[in-house]
Amino acid sequence: MSLCSAFKRPLLSGARTVQRRTMAGGPIPAHIKVKKSPMVEEWNGRREITEKSFTARPAKVAQILLYVVAVPYGFYSMARTEFHMIGDRRYKDCI
């Protein structure tokens with residue numbers, strides 16, 4: 001037995017006994033593992049198909065314009081009127 005082979009043997013046997021680890025199986029008990037919630041999965045499925053099932057009907061377009069244009073402009077005009085009645089210096093910034 002040569003000196004070189006005597007040194008290689010412990011290295012090779014140590015490499016074979018390395019512990020194998022699994023991705024998510026691990027030593028975690030089954031009652032602690034993450035479980036899928038059916039309600040969350042249902043919501044996720046509906047969210048993914050909403051863009052495909054959305055159609056721009058006149059009622060929906062009117063509702064979107066109401067909340068995107070009319071309501072913010074209403075808040076702006078109420079604030080501007082209040083600043084004008086009080087005579088606040090910020091009224092000039094709103095014009």
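These figures come from a predicted structure and were not determined experimentally. Values reported hereafter were calculated over all heavy atoms of this structure, with side chains retained and with hydrogens, waters and symmetry mates removed. Each residue takes its place number in the sequence, starting with 1.
Atom-to-atom distance recorded for Thr81:OG1 and Met85:CE is 7.5 Å, nearest 0.5 angstrom.
With a 4.5 Å cut-off between side-chain heavy atoms of Ile, Leu, Val, Met, Phe, Trp and Tyr, the cluster of Tyr67 takes in Leu66, Val71, Phe75, Met78.
Among all heavy-atom pairs drawn from Ser77 and Gly74, the shortest one is OG-O, 3.0 Å.
Remark: Glu42 engages Arg46 in a salt bridge (Lys or Arg N to Asp or Glu O under 4.0 Å) (not counting sequence neighbours).
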Show the atom names and distances, to 0.1 Å, of all donor-acceptor pairs under 3.5 Å that link a side chain in residues 55-65 to residues at least two apart or in another chain.
from  : atom 1 : to    : atom 2 : distance (Å)
Thr55 : OG1    : Arg57 : NH2    : 3.4

